[in-house]
Undergrad: 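Below: one structure in C-alpha cells.
No hydrogens, no waters, no symmetry mates; every other heavy atom, side chains included, goes into these values.
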Amino acid sequence: QVQLEESGGGLVQAGDSLRLSCAASGRTFSSAAMGWFRQAPGKERDFVTSISWNGGRTYYADSVKGRFTISRDNAKNTVSLQMNSLKPEDTAVYYCAARVRYNTGGSYATPSEYDYWGQGTQVTVSS
C-alpha cells in the first residue's frame, strides 16, 4: 500500500511560481509510476503530468508544457511538480497519484490508471 501527501499549494499571482511536493510511504514507491492531476470546481479531474518509475520518461498535458516540470527522488520517496509562469486557469486542487500495478510503458494520463491518491492541495492563481 502507498500513502501520498501533497504539500506546497497556495495563493499566488499570475506569472509566479510554485513547487508542489508529494511524500509517499510504502516500499513500492520506487517502482511506481507517478502522476499529477488537477480538478477545478465543477470540472473533471484532468491530467497534468506523469513520470515513470525511474524518471526516464515524463509526459505533460499540452496546457502545461514548457511551464511545469515533474521530478522524483526515489531515495526520499518524493515526487515534485515545479510550476512556473502560473496562469489563473491553473487554479485547481492538485492531486498526486501512484500507479503500482504492472508497467505498460504508457503515459498514464487517465485517473483510472492509478491505484493510490493523495488528498490534494489547493493552488489558486490570481490575475
Side-chain angles (χ1 to χ4, degrees):
Q1 187 163 349
V2 177
Q3 292 184 323
L4 305 172
E5 183 173 3
E6 304 94 338
S7 62
L11 171 63
V12 297
Q13 293 187 331
D16 285 352
S17 297
L18 269 180
R19 186 176 182 87
L20 305 184
S21 293
C22 175
S25 63
R27 293 179 294 176
T28 56
F29 173 80
S30 61
S31 62
M34 300 296 296
W36 286 96
F37 287 75
R38 65 187 181 186
Q39 189 167 19
K43 296 189 176 182
E44 294 184 348
R45 191 167 295 190
D46 291 332
F47 172 74
V48 176
T49 179
S50 63
I51 188 167
S52 61
W53 68 275
N54 63 353
R57 286 178 283 111
T58 57
Y59 302 90
Y60 296 92
D62 288 343
S63 58
V64 307
K65 277 182 183 177
R67 300 188 298 125
F68 290 13
T69 303
I70 189 171
S71 60
R72 67 187 297 161
D73 185 337
N74 285 349
K76 296 182 179 180
N77 278 17
T78 59
V79 61
S80 299
L81 179 62
Q82 178 66 42
M83 305 187 294
N84 298 329
S85 303
L86 283 161
K87 305 175 181 180
E89 51 264 44
D90 294 319
T91 295
V93 177
Y94 283 70
Y95 296 92
C96 173
R99 174 187 171 95
V100 301
R101 71 188 85 160
Y102 57 90
N103 181 11
T104 65
S107 61
Y108 308 134
T110 58
S112 63
E113 296 179 281
Y114 291 84
D115 303 297
Y116 298 99
W117 293 84
Q119 293 300 307
T121 185
Q122 176 71 47
V123 172
T124 302
V125 184
S126 64
S127 58

Undergrad: With sequence neighbours excluded, what pairs up with T28 under the side chain to side chain contact (heavy atoms under 4.5 Å, CB included) test?
TA: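 Checked T28 against side chain to side chain contact (heavy atoms under 4.5 Å, CB included); matches are V2, S31, V100.
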Undergrad: Salt bridge (Lys or Arg N to Asp or Glu O under 4.0 Å) with R72: which residues, sequence neighbours excluded?
TA: none
Undergrad: Apply side chain to side chain contact (heavy atoms under 4.5 Å, CB included) to M83 and Y94, showing your working.
TA: CA-CA 11 Å; M83 305 187 294; Y94 283 70; 3.9 Å; yes
Undergrad: Could you go step by step and tell me if S21 and T78 meet the side chain to side chain contact (heavy atoms under 4.5 Å, CB included) rule?
TA: CA-CA 7 Å; S21 293; T78 59; 5.8 Å; no
Undergrad: Within a strict 4.5 Å, meaning less than it, do heavy atoms of the M34 and C96 side chains meet?
TA: yes
Undergrad: Does any pair with a residue in residues 17-48 pass ring-ring contact (aromatic ring centres under 6.0 Å, His included), and if so which ones, sequence neighbours excluded?
TA: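 Sorted result for residues 17-48: F37-F47, F37-Y114, F37-W117.
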Undergrad: Which heavy-atom pair separates Y59 from G105 by the least distance, and what is that distance?
TA: OH-O, 3.8 Å
Undergrad: Name all residues meeting the side chain to side chain donor-acceptor pair (under 3.5 Å) criterion together with T124; count only those two or more places apart in sequence or in a different chain, and write none if there are none.
TA: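 Side chain to side chain donor-acceptor pair (under 3.5 Å) check on T124 returns Q122.
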Undergrad: With a 6.0 Å cut-off (strictly less than), is the heavy-atom count around CD of Q3, excluding the residue itself, greater than 12?
TA: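 At most 12 heavy atoms, drawn from other residues, nucleotides or ligands, come within 6.0 Å of this atom.
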Undergrad: Can you list the steps and then say if L81 with T49 is a side chain to side chain contact (heavy atoms under 4.5 Å, CB included)?
TA: CA-CA 9 Å; L81 179 62; T49 179; 3.7 Å; yes
Undergrad: Nearest heavy-atom pair of S127 and P88: which atoms, and what distance?
TA: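 Taking S127 first and P88 second, the nearest heavy atoms are CB-CG, 3.8 Å.
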Undergrad: Please evaluate residues R19 and S71 with respect to the criterion side chain to side chain contact (heavy atoms under 4.5 Å, CB included), reporting the C-alpha separation (whole Å), side-chain torsions for both, the decisive distance (0.1 Å), and the verdict.
TA: CA-CA 11 Å; R19 186 176 182 87; S71 60; 3.8 Å; yes
Undergrad: Does atom CD (E5) have a neighbourhood of more than 12 heavy atoms from anything else shown, all under 6.0 Å?
TA: no
Undergrad: Who passes ring-ring contact (aromatic ring centres under 6.0 Å, His included) against F68, sequence neighbours left out?
TA: none
Undergrad: Report the distance from atom NZ of K87 to atom CZ of R67, rounding to the nearest 0.5 Å.
TA: 4.5 Å
Undergrad: Kindly give the heavy-atom pair with the smallest separation between Y102 and T104, and that separation in Å.
TA: CE1-CG2, 3.3 Å
Undergrad: Can you name the closest pair of heavy atoms from A24 and L4 and give their distance?
TA: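 Heavy atoms of A24 and L4 come nearest at CB-CD2, 3.6 Å.
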Undergrad: Hey, are the side chains of V79 and I51 touching, using non-hydrogen atoms and a 4.5 Å cut-off?
TA: yes
Undergrad: Taking only residues at least two apart or on different chains, which pairs with a member in residues 40-60 satisfy salt bridge (Lys or Arg N to Asp or Glu O under 4.0 Å)?
TA: none
Undergrad: Does D62 come within less than 4.0 Å of K65, counting only side-chain N to carboxylate O?
TA: yes
Undergrad: Out of curiosity, L20 CG to I70 CD1, how far, rounded to the nearest 0.5 Å?
TA: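 L20 CG to I70 CD1: 10.5 Å, rounded to 0.5 Å.
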